[in-house]
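This report refers to the structure that appears directly beneath it.
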Amino acid sequence: MTEELSKGYEPAEIEKRWYRYWQDQGVFRAACKEGDPRPTYVLPMPLPNVTGSLHMGHAMMCTIEDVLARAHRMMGFDTLYQPGTDHAGIATQVVVERQLKRDGVTRQELGREEFVRRVWSWKEACGSRIVEQQKVLGLSCDWDRSVFTMDAGYSRAVREAFVRLYHEGLIYRAKRLIYWDCAARTVLSNLEVNSEEENGELFEFAYPVEGGGEIVVATTRPETMLGDTAVAVHPDDERYTALHGKFVVHPFLERRIPIVTDAVLVDPKFGTGAVKVTPAHDFNDFETGRRHQLEMIEILDEEGRINDAGGSFRGLDRFEARKAVKRALEEKGLARGHKQHRLMIPRSERTGTVVEPMLSTQWFVKTEPLAKPALEAVREGRTVIIPEEWTKTYEHWMTNILDWCVSRQLWWGHRIPAFYCDACGHTMVRNVEALGECEACASVKVRQDEDVLDTWFSSALWPFATQGWPDKTPELLRYYPASDLETGYDILFFWVARMMMMGIHFMGEPPFKRILLHSLVVDETGKKMSKVVGNVIDPIDLIAGASFETVVEKALPGAPADEALKKFKKAYPSTASMGKGFDAYGTDALRFTLCSYSPQSKRIALSPKKIEGYRHFCNKIWNATRFALGYLEGARVTDAAPVVSSLENRWILSRLGVACGAAREGLAAFRFDDATSALYRFFWNELCDWYLELCKPIFASTNANSDANSDANSDANSDANSAKARRDETRDTLGYVLETTLRALHPFVPFITEELWQRLPRPAGVPSSIALAALPDAESGRADAEAEREMAILQAVIVAARTIRSEREVHPGAQVPLVLRGEANGSLRVCEAGRVAIETLVKTSSLVLEARGGERPRGAALGHAAELEVLVLLRGIVEAGKERDRIERELKKAQKSIEALEKKLASAGFTERAPPEVVQETHAELASHRARVTLLAEARVLAEEL
RNA sequence: AGGCGGGUAGCUCAGUGGUAGAGCGCUGGCCUUACAAGCCGGUGGUCGCAGGUUCAAGCCCUGUCCCGCCUACCA
């Protein structure tokens with residue numbers, strides 16, 4: 001720890017050390033101590049799937065959350081960042097089944113018990129990967145409280161919730177048309193189904209009409225005609241009036257099918273204007289069937305094969321059946337052509353297979369009574385959604401919510417606690433793992449429902465089931481409701497809305513005070529990340545560094561490397577200038593980058609170049625500290641800002657307060673972009689660019705004066721004393737400012753700040769980790785308007801002089817004579833006080849301060865800073881012609897501004913109706929432009945003698 | 001089709017009615033004892049388009065054209 005800092009910032013080396021330290025020190029632990037006077041801050045982590053590995057979305061989410069958690073911890077809250085993982089029913093089952101398939105076994109062959117055992121062992125072996133990655137990101141969760149949704153305690157809570165809802169009449173079992181995943185052989189909720197436009201075919205065929213003639217229908221799913229129980233036409237469609245009330249004959253199944261009229265289903269302008277109706281396999285047809293009391297014929301089994309109802313097509317897979325039906329229709333001369341057709345294909349989010357609408361008996365949650373209070377909680381502001389615009393989306397969904405199908409035909413998950421008696425048919429819903437005998441007839445022929453619950457049902461209980469509910473544990477009392485819930489807007493419905501419903505229902509109050517939503521992380525061109533497009537980035541590659549070969553292999557698995565790389569670079573144009581791959585940017589740089597994006601926009605276009613930029617920022621922090629450490633020996637660093645007298649010290653403390661205040665405001669308003677940019681600008685553009693540069697001559701003066709000390713000269717001694725006093729004050733200020741700034745930065749960049757903070761002089765009695773130190777605020781600085789004003793004058797003078805030097809191509813190392821002319825009691829006094837600063841930062845060979853009015857030195861370039869004239873003597877260095885052109889250009893600019901302002905002031909409307917201070921400001925602005933014109937005219941004269 | 005966003009510098013994005021900001025890029029000059037992952041300068045905008053309100057519009061209103069996302073869809 002005491003060894004010197006390396007010249008460059010190397011994140012890998014420092015990051016690995018501190019995470020262990022934090023865990024060993026128990027920094028992340030929530031106290032949950034009786035009598036703890038601290039307020040609580042509770043942040044339930046959106047539980048990642050146990051199957052998952054960390055993607056950019058997680059990185060975004062985790063970063064934002066960890067910033068919130070760390071900031072609140074530093075603000076003195078008893079902070080619980082609640083971690084855990086989700087058993088992810090279908091996703092996990094699919095993964096394990098795939099693995100079994102490689103070994104040539106099916107889960108049916110293994111049996112349920114053995115299969116579930118295998119899933120558990122898979123979970124033990126592989127399920128912690130994402131947790132390890134979260135630790136790489138620096139998450140400050142209380143890992144000791146981590147919960148897995150299949151834990152015994154959590155499972156009990158899930159059963160309890162089901163049982164209570166059932167007895168309250170909010171859960172029911174019914175036969176409904178649902179989405180069926182034929183690959184996973186389970187029902188899906190409509191949120192687990194994604195529809196995308198794909199190429200398809202609109203196939204037309206004729207139904208022979210009883211008594212002669214035919215009616216042509218069109219379909220994208222010809223095989224469903226095996227379940228047709230009607231043909232519908234529009235009642236007003238004159239083409240078909242003659243057929244009303246007649247029947248068609250099914251060509252394969254010897255079934256009479258009625259022709260019905262239906263104005264809802266049929267759009268006469270589409271296709272042939274006649275629609276085949278398959279009530280058991282289509283949502284619109286289902287409703288049509290209800291309207292006309294049509295027979296509902298199911299034609300598919302649970303694997304998507306044609307069942308007995310399909311006659312000779314029985315046993316065919318649905319896609320084979322499609323071909324077979326078309327062929328058979330052609331053979332019978334009933335095919336009437338086909339055309340290309342774009343249509344929305346619904347696919348299972350997990351297995352990717354085309355889902356089929358099927359009739360099925362399932363368990364449903366009655367959502368309306370639950371949604372209403374959840375809606376009201378937001379309307380009444382008991383829960384606030386940020387950014388606020390999402391409130392509308394939430395309302396829209398909550399008011400149009402459908403009953404929620406919660407049963408799944410899976411083996412991995414919480415088994416539905418419903419028991420059926422085969423003897424008397426009695427149904428019992430109890431919070432038990434097994435039930436021995438029937439409560440009605442005492443028969444032992446009792447079997448449990450085979451199905452498990454939707455994963456979202458269990459995760460809907462997250463805010464309270466993690467805290468021991470239904471028991472009234474100390475944790476539950478202290479940590480419910482949570483403070484914030486932070487997540488991607490894409491799961492507002494899936495999860496957030498459901499937690500709201502369940503939280504209010506079971507706990508009587510909403511589960512969180514605020515809902516914070518961040519945007520989707522997309523590629524640099526704005527496209528969604530996907531393995532199809534080949535633009536996925538593994539956050540770990542950005543942290544640890546990776547060659548493009550490695551990166552591209554993950555982005556587009558299985559594709560030729562050069563093709564994949566081309567696609568990848570197209571998705572991330574800023575990587576064009578990056579040679580072999582990503583450097584190791586480090587966790588801190590990635591975190592800072594993610595925080596720098598505004599939460600207002602709906603997409604976050606990830607730019608690797610931007611991450612590189614923030615790594616440079618980390619390097620800047622590193623080196624500034626390295627510089628400072630060379631002078632901080634013996635610094636007295638205090639809790640509060642020191643009282644200081646010199647301008648630069650007063651100024652930096654004032655700016656420090658502004659920056660820390662802005663950072664706090666940004667954190668509070670969920671505007672991390674504002675917070676990070678305030679700290680970035682302060683650190684780089686104020687602390688490094690100005691303050692440290694101003695410190696240099698002060699620290700350098702030490703040596704000069706210690707030489708002077710050896711003289712017996714008393715003046716030199718007193719000079720030396722005052723120089724020492726100033727040096728000490730500056731040393732203490734620098735120490736304080738740096739220590740404070742690191743604390744302000746810590747929530748965003750935890751690793752580098754801990755590393756550097758541990759090396760800095762700190763106030764007495766600080767905690768063992770920066771993570772437990774106090775988060776600075778506006779009061780951590782010392783507001784000083786006068787210092788800011790004076791410093792602004794010095795900065796303006798220095799910049800003006802530098803600009804002249806640079807524009808006239810004076811060599812940066814060359815010393816130039818500088819003359820500043822102004823008001824003796826005004827800015828000149830400030831310049832006199834800041835003489836050393838000006839001399840050093842401008843590099844002057846001589847600095848003359850004089851009152852305005854006298855003769856100006858000939859051959860000088862004339863600039864201005866506030867009301868000061870800045871004269872840089874350049875005789876013999878610069879060509880007169882170039883200088884003249886430059887002055888003309890500036891004159892034109894100034895004239896243009898003057899015209900605009902004069903026009904504005906000439907308008908009576910403006911002078912009479914605009915607020916007086918605005919008019920005044922405009923006058924002042926005009927005056928300053930006019931003064932500038934005068935100055936430029938004079939500069940032209942001076943330039944003639946260059 | 002409906003709903004919600006967005007269009008500002010070459011790129012990615014901030015912007016609170018009072019003459020437009022950042023980072024990156026571009027560009028000129030510097031290896032200046034913390035940092036070339038750097039320093040000192042500079043260039044760059046008809047704020048999608050057309051109206052309107054206002055003394056004043058990137059910001060408010062209306063229309064319009066593009067681009068996203070979500071929801072529901074035509075069998």
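Quick note on labels: first sequence line is chain A, next is B, and so on, each numbered from 1. When reading the values below, keep in mind they use all heavy atoms of this one structure, side chains included, and skip hydrogens, waters and symmetry mates.
- Between A:Glu287 atom CD and B:rA72 atom P the separation is 14 Å, expressed in whole Å.
- For A:Trp684, counting side-chain heavy atoms from C-beta on, the closest listed nucleotide (B:rA75, B:rC39, B:rC73) is B:rC39.
- Using a 4.0 Å heavy-atom distance criterion, A:Thr393 is classed as making no nucleic acid contact.
- Applying the ring pair (Phe, Tyr, Trp, His ring centres under 6.0 Å) test to A:Tyr240 and every residue at least two apart in sequence or in another chain returns nothing.
- Rounding to whole angstrom units, CZ of residue A:Phe286 and C1' of B:rA75 are separated by 18 Å.
- Distance A:Asn623 CG to B:rC31 P: 20 Å, rounded to the nearest Å.
- Between A:Phe670 and A:Phe672, the ring-plane angle classifies as perpendicular under the 30° and 60° cut-offs.
- Contact annotation for A:Cys688: base contact, defined as any heavy-atom pair under 4.0 Å involving a base atom.
- Among the atoms of the strands shown, base atoms are found under 4.0 Å from some heavy atom of A:Tyr9.
- Nearest heavy-atom pair across A:Ala584 and A:Pro11 is O-CG, 3.6 Å.
- Comparing A:Pro268 and A:Trp397 along RNA chain B, the residue whose closest nucleotide (by nearest heavy atom) sits nearer the 5' end is A:Trp397.
- Between B:rG42 and B:rG15, the distance separating the two P atoms is 26 Å to the nearest Å.
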Extract from the structure each pairing of a protein N or O with an N or O of nucleotides 40-48 of chain B at less than 3.5 Å, listing the distance.
{"residue": "B:rC40", "atom": "O3'", "partner": "A:Arg802", "partner atom": "NH1", "Å": "3.2"}
{"residue": "B:rG41", "atom": "OP1", "partner": "A:Arg802", "partner atom": "NH1", "Å": "3.2"}
{"residue": "B:rG41", "atom": "O2'", "partner": "A:Ser806", "partner atom": "OG", "Å": "3.2"}

Query - Full working for ring-ring contact (aromatic ring centres under 6.0 Å, His included) between A:Phe748 and A:Tyr680 - result: CA-CA 11 Å; A:Phe748 305 100; A:Tyr680 179 96; over 10 Å; no
**Report entry** Dot-bracket notation for RNA chain B, counting Watson-Crick and G-U pairs under 3.5 Å, with | for partners on another strand
**Finding:** ((((((((.[[[[.)..(..]]]].(((((.......))))).....[[[[[..)....]]]]])))))))....
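- Between A:Glu287 and A:Arg291 there is no salt bridge, since no side-chain nitrogen of the basic residue lies less than 4.0 Å from a carboxylate oxygen of the acidic one.
- For A:Lys609 against B:rC24, no side-chain N or O and base N or O form a donor-acceptor pair under 3.5 Å.
- For the C1' atoms, the distance linking B:rU16 with B:rA20 amounts to 14 Å, nearest Å.
- Remark: A:Lys696 qualifies as a cation-pi partner of A:Phe627 under the 6.0 Å distance and 45° angle criteria applied to the six-membered ring.
- At a threshold of 4.0 Å, the pair A:Glu807-A:Arg802 does not count as salt-bridged, since none of the basic side-chain nitrogens sits closer than that to a carboxylate oxygen.
- Atom P of nucleotide B:rA75 and atom CG of A:Asp285 are separated by 11 Å, given to the nearest angstrom.
- Atom CZ in A:Arg805 sits about 12 Å away from atom P in B:rC30, given to the nearest Å.
- Atom name C1', nucleotides B:rG52 and B:rC11: the rounded distance is 34 Å, in whole Å.
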Report task. May I have the step-by-step check of side-chain contact (heavy atoms from CB on, under 4.5 Å) for A:Ile385 and A:Val378, ending in yes or no? Result -> CA-CA 8 Å; A:Ile385 299 178; A:Val378 169; 4.1 Å; yes
Query raised in the report: What string of B, S and - do you get for nucleotides 13-20 of chain B 5' to 3' if you count protein non-hydrogen atoms under 4.0 Å?
Result: SSS--BB-
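- Between the P atom of B:rC35 and the CG atom of A:Leu756 lies a distance of 16 Å, rounded to the nearest Å.
- Residue contacts for A:Lys269: at a heavy-atom cut-off of 4.0 Å it reaches no nucleic acid atom on any strand shown.
- The salt bridge (charged side-chain N to carboxylate O under 4.0 Å, His left out) search around A:Glu201 returns A:Lys326, not counting sequence neighbours.
- Counting non-hydrogen atoms under 4.0 angstrom, A:Gly586 reaches nothing in the nucleic acid.
- Residues A:Glu223 and A:Arg322 are paired through a salt bridge, judged by an N-O separation under 4.0 Å between the basic side chain and the carboxylate.
- When the nucleotides B:rA37, B:rA75, B:rA34 are ranked by their closest atom to the side chain of A:Leu343, B:rA75 comes out on top.
- Spacing between B:rA9 and B:rC65 at atom P, rounded to whole Å, works out to 23 Å.
- Side chains of A:Thr844 and A:Gln815: a donor-acceptor N/O pair is absent below 3.5 angstrom, by distance only.
- Atom CZ of A:Arg626 and atom C1' of B:rA34 are 5 Å apart (whole Å).
- Distance noted for atom P between B:rC13 and B:rA72: 28 Å (whole Å).
- The residue among A:Lys696 and A:Pro812 whose nearest nucleotide of RNA chain B is located toward the 5' end is A:Pro812.
- On the P atoms, B:rG21 is 13 Å away from B:rU43, given to the nearest whole Å.
- The phosphate of B:rC70 has OP1 or OP2 within less than 4.0 Å of a side-chain N or O from A:Lys528.
- In this structure, CH2 of A:Trp390 is placed 8 Å from C1' of B:rC70, rounded to the nearest angstrom.
- Here B:rC4 is the nucleotide among B:rC4, B:rG29, B:rC35 with the atom lying nearest to any side-chain atom of A:Lys392.
- A:Leu629 comes within 4.0 angstrom of no nucleic acid atom, judged by non-hydrogen atoms across all strands.
- Using a 4.0 Å heavy-atom criterion, one finds that A:Ser607 contacts no nucleic acid atom at all.
- A distance of about 25 Å separates the P atoms of B:rC59 and B:rG23, rounded to the whole Å.
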Please table the atom pairs, donor to acceptor, closer than 3.5 Å between any side-chain atom in residues 228-235 of chain A and protein atoms at least two apart or in another chain.
{"residue": "A:Asp228", "atom": "OD1", "partner": "A:Lys276", "partner atom": "NZ", "Å": "3.0"}
{"residue": "A:Asp228", "atom": "OD1", "partner": "A:Thr278", "partner atom": "OG1", "Å": "2.6"}
{"residue": "A:Asp228", "atom": "OD2", "partner": "A:Tyr207", "partner atom": "OH", "Å": "2.7"}
{"residue": "A:Thr229", "atom": "OG1", "partner": "A:Glu295", "partner atom": "O", "Å": "2.9"}
{"residue": "A:His234", "atom": "ND1", "partner": "A:Asp236", "partner atom": "N", "Å": "3.1"}

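- Heavy-atom neighbours of A:His338 NE2 from other residues, nucleotides or ligands within 6.0 Å: at or below the threshold of 12.
- A:Leu542 contributes atom CG, which lies 6.0 Å from atom CG of A:Leu590 (distance to the nearest 0.5 angstrom).
- Here B:rA37 is the nucleotide among B:rC70, B:rA37, B:rA75 with the atom lying nearest to any side-chain atom of A:His616.
- Distance check on atom C1': B:rG58 versus B:rG48 gives 12 Å, rounded to whole Å.
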